[in-house]
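Input: a single structure, listed below in structure tokens.
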Amino acid sequence: MAKNLNLTLQVWRQKDAKSEGGFKSYKAEGISDDMSFLEMLDIVNEGLIKAGDEPIAFDHDCREGICGMCSMVINGRPHGPKDRTTTCQLHMRSFQDGDEIVIEPWRAKAFPVQRDLVVDRSAFDRVVAAGGFITANTGAAPDANAIPVPKEKADLAMAAAECIGCGACVAACPNASAMLFVSAKVSHLAHLPQGQAERMIRVRDMVAQMDDEEFGTCTNHGECEAACPKSVQLENIALMNRDYLKASLTYRPEVDAGGGL
Amino acid sequence: MKPEATFLGSSIGKKIVMALTGIVLVLFVIGHMAGNLQVYKGAEALNGYSEFLHHFLHGAGLWIARIVLLACVALHIWAAAGLTRMNAAARPVAYRKVHHEASTWASRYMRVTGFILLFFIVFHLLNLTTGQWHPGGTFVKGEVYANLISTFQVKWVAALYIVAMIALAGHLSHGIWSLMQTLGWNHPRYNALRKQLAWIVTALVVIANISFPVAVLAGILH
Ligand code: HEM
Ligand code: FES
């Protein structure tokens, strides 16, 4: 039996990137506990629109946990209280009648707030563009198993490649560090034969871009791993650290990066 | 490659400096604790051990160790300051509601416990190495045992040492685990062992070190 919930929301409202923001309180009444968190916000927004107010802006796209758009911190946790769950996959049965729910945008200098709960995560795109790819004209999809990859390696690569770039790791990190994200991108290629040629250049360039974007630095709190909706592991950060050290020791300045390898 | 992206300029480079100097400091506190245990064998053993250290390699050994340790502390603090500055800038607007899921008391208060240790190191050297700050009686060079007993008989000095060792417990319990992650030593086969190692080393060092002021206050050592 579905239950109905009456909730109080404390939502961050901010007109645009330049304006000052602040919290506003809203009532969310008669919310079915079968709804998703985003459907709950849709209902609140319908009420706001009917009353002639501005609806709460939030990002979303797939609503099935794969695009990584639905960024918001719910009661201090990115994507809310459930492990391995994006906001769109969070259901209202995770809350109790009468709860107060604080909803904030990702907080990081590298992720400026655009409006209300919407942040600009293009810093992640720039980190990937700095080296998170393989410089080769790949043409059409190759035959499956044309390059043999041992199962264990394929599993590790796939586990890292599960990263959907949502930014929950940055949001959860007390230092606003992006190392779980960057390490996932470094690691999924580092486990595959295709990723070997540029492995050392890649890690140096991606870390340099990460630092340039003014993300914080990892002090091994482990909050990122706990917040990751795809369970990307801290082991990837260790791999990135290892590769970065090796790359720094063996770097040849005369070999230039960026497509030249 | 961006020219500014040097090893020491980078986030991971600083972390690796912190971890490598951390290893030296951890080995030092283990060795120092083991040396301190001589106090239970009596005045002669402890003073003799001190004598040995002062004459090791015709007196050069102690100075080599001091220079290496000082360099490690300086580099460790330099890296900590750089990382702290980057981290403070990375989140200009704080969350209204903060929830800790995985981090620990020790991991969140590394800076605080680090600062306590820095002040402790200064006091400790003035207290038992150079002797300019020695409540509980006059400091006599070479009389290591007597100097130690007389200063720990002052309750608040003993308390100061105990507080510093609690800070050390926090710093080591996170630091030992953390430095292995920083150096890339993370493997599912050994991860449980890493946590255990951190706790065993921390417990050994801290319990042994706290036992000295406690034994003096309890009258076991006099
Ligand atoms: C003197 C003042 C000190 C300060 C300001 C300081 C500060 C810090 C900071 C900020 C960190 C990194 C935080 C983190 O990983 O969460 C750290 C890590 C560490 N510290 Fe210290 N510390 C000090 C003294 C010491 C001492 C005396 C020791 C050894 C007994 C020590 C051993 C370590 C170790 C092993 C790490 C882990 C390195 C890593 O994260 O990979 N520190 N310290
Ligand atoms: S909307 Fe796509 S992951 Fe939530």
Side-chain angles (χ1 to χ4, degrees), chain A residues 10 12 21 23 73-77 81 83 102 104-105 107-110 113 170-177 179 201 204-205 207-212 214-227 233-235 237-245 248-249 251 253 256-258, chain B residues 1-20 79-80 82-111 174-188 190-191 194:
Chain A
Q10 300 288 347
W12 181 263
F23 282 93
V73 172
I74 301 164
N75 285 341
R77 292 191 70 186
D83 288 346
V102 179
E104 306 170 70
R107 294 292 189 197
K109 180 152 188 230
V113 174
V170 176
C173 176
N175 309 327
S177 164
M179 287 205 191
I201 286 274
R204 280 195 60 143
D205 285 351
V207 169
Q209 189 64 36
M210 170 185 86
D211 287 348
D212 246 28
E214 300 185 75
F215 286 109
T217 71
C218 176
T219 53
N220 303 325
H221 289 293
E223 293 288 357
C224 54
E225 184 183 59
Q233 303 284 304
L234 287 182
E235 197 180 349
I237 300 183
L239 180 144
M240 175 171 72
N241 293 341
R242 216 158 52 221
D243 274 10
Y244 185 80
L245 178 57
S248 300
L249 292 172
Y251 175 61
D256 209 45
Chain B
M1 173 55 58
K2 295 176 165 58
E4 70 273 20
T6 56
F7 181 73
L8 291 180
S10 74
S11 51
I12 297 181
K14 289 195 186 73
K15 281 168 54 63
I16 289 172
V17 168
M18 177 139 259
L20 292 175
L83 293 171
T84 300
R85 207 172 315 116
M86 288 166 95
N87 294 346
R91 177 161 293 137
V93 182
Y95 287 112
R96 166 157 167 186
K97 192 149 181 176
V98 176
H99 171 93
H100 301 298
E101 187 66 18
S103 60
T104 58
W105 174 89
S107 77
R108 290 194 297 274
Y109 289 95
M110 283 303 268
R111 270 165 219 102
H174 178 69
I176 294 173
W177 177 85
S178 175
L179 74 87
M180 290 188 257
Q181 168 75 9
T182 299
L183 295 176
W185 305 339
N186 179 322
H187 192 285
Y190 303 105
N191 283 347
R194 279 168 63 209

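Keep in mind that what you see is a predicted model, and the values were worked out from it rather than measured. For the numbers below, each heavy atom of this structure counts, side chains included, while hydrogens, waters and symmetry mates do not. Just so it is clear: chains get the letters A, B, ... in the order the sequence lines come, proteins before strands, and each one is counted from 1.
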Quiz item: Does a donor on one side chain and an acceptor on the other come within less than 3.5 Å for B/Ser10 and A/Asp211?
Solution: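 Per modelled atom types, B/Ser10 and A/Asp211 side chains form no pair under 3.5 Å.
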Self-check item: 4.5 Å side-chain heavy-atom contact, B/Asn87 and A/Thr219
Solution: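 Contact flag for B/Asn87/A/Thr219 side chains = yes.
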Quiz item: Can you find a pair of side-chain heavy atoms, one from A/Thr217 and one from B/Lys14, that are under 4.5 Å apart?
Solution: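 Counting from C-beta outward, A/Thr217 and B/Lys14 never come under 4.5 Å.
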Quiz item: Given the options A/Asn75, A/Val102, A/Leu245, which has more heavy-atom pairs under 4.5 Å with chain B than any of the others?
Solution: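 Top option by heavy-atom pairs under 4.5 Å: A/Asn75.
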Exercise. For each of A/Gly216, A/Ala226, A/Ala171, A/Ala172, tally heavy-atom pairs with chain B at distances under 4.5 Å, and name the one with the top tally.
Key: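 The candidate making the most pairs under 4.5 Å is A/Ala171.
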Exercise. Decide yes or no on side chain to side chain contact (heavy atoms under 4.5 Å, CB included) for B/Gln181 and A/Leu234, but give the supporting numbers first.
Key: CA-CA 8 Å; B/Gln181 168 75 9; A/Leu234 287 182; 4.0 Å; yes
How long is the span from the [atom1] atom in [X] to the [atom2] atom in [Y], to the nearest 0.5 Å?
X	Y	atom1	atom2	result
B/Ile12	A/Met210	CD1	CE	5.0 Å
A/Arg204	B/Thr6	CZ	OG1	8.5 Å
B/Met86	A/Glu214	CE	CD	8.5 Å

Can you name the nearest heavy-atom pair linking [X] to [Y], along with the distance?
X	Y	value
B/Pro188	A/Glu235	CD-OE2, 3.5 Å
B/Ile16	A/Asn241	CD1-O, 4.1 Å
A/Asn220	B/Trp177	O-CZ3, 3.3 Å
A/Asn175	B/Ala90	O-CB, 3.5 Å
B/Tyr95	A/Pro105	CE2-O, 3.5 Å

Quiz prompt | Proximity breakdown for B/Ala88 and chain A, heavy-atom pairs closer than 4.5 Å | solution =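 Contact with chain A: none, neither part.
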With only heavy atoms counted, which part of [X] is less than 4.5 Å from chain B, the side chain, the backbone, both or neither?
X	value
A/Phe215	backbone
A/Asp83	side chain
A/Cys173	backbone
A/Gln10	side chain

Taking the side chain from [X] and the backbone from [Y], do they hold a donor-acceptor pair closer than 3.5 Å?
X	Y	value
B/Glu101	A/Glu223	no
A/His221	B/His100	no
A/Glu104	B/Arg96	yes

Quiz item: If you count heavy-atom pairs under 4.5 Å with chain A, which of B/His99, B/Arg91, B/His187, B/Arg108 comes out on top?
Solution: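 Sorted descending by pairs with chain A, the first entry is B/Arg91.
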Quiz item: Does CZ in A/Phe23 sit with more than 12 non-hydrogen atoms of other residues, nucleotides or ligands closer than 6.0 Å?
Solution: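 Check passes, neighbour count above 12.
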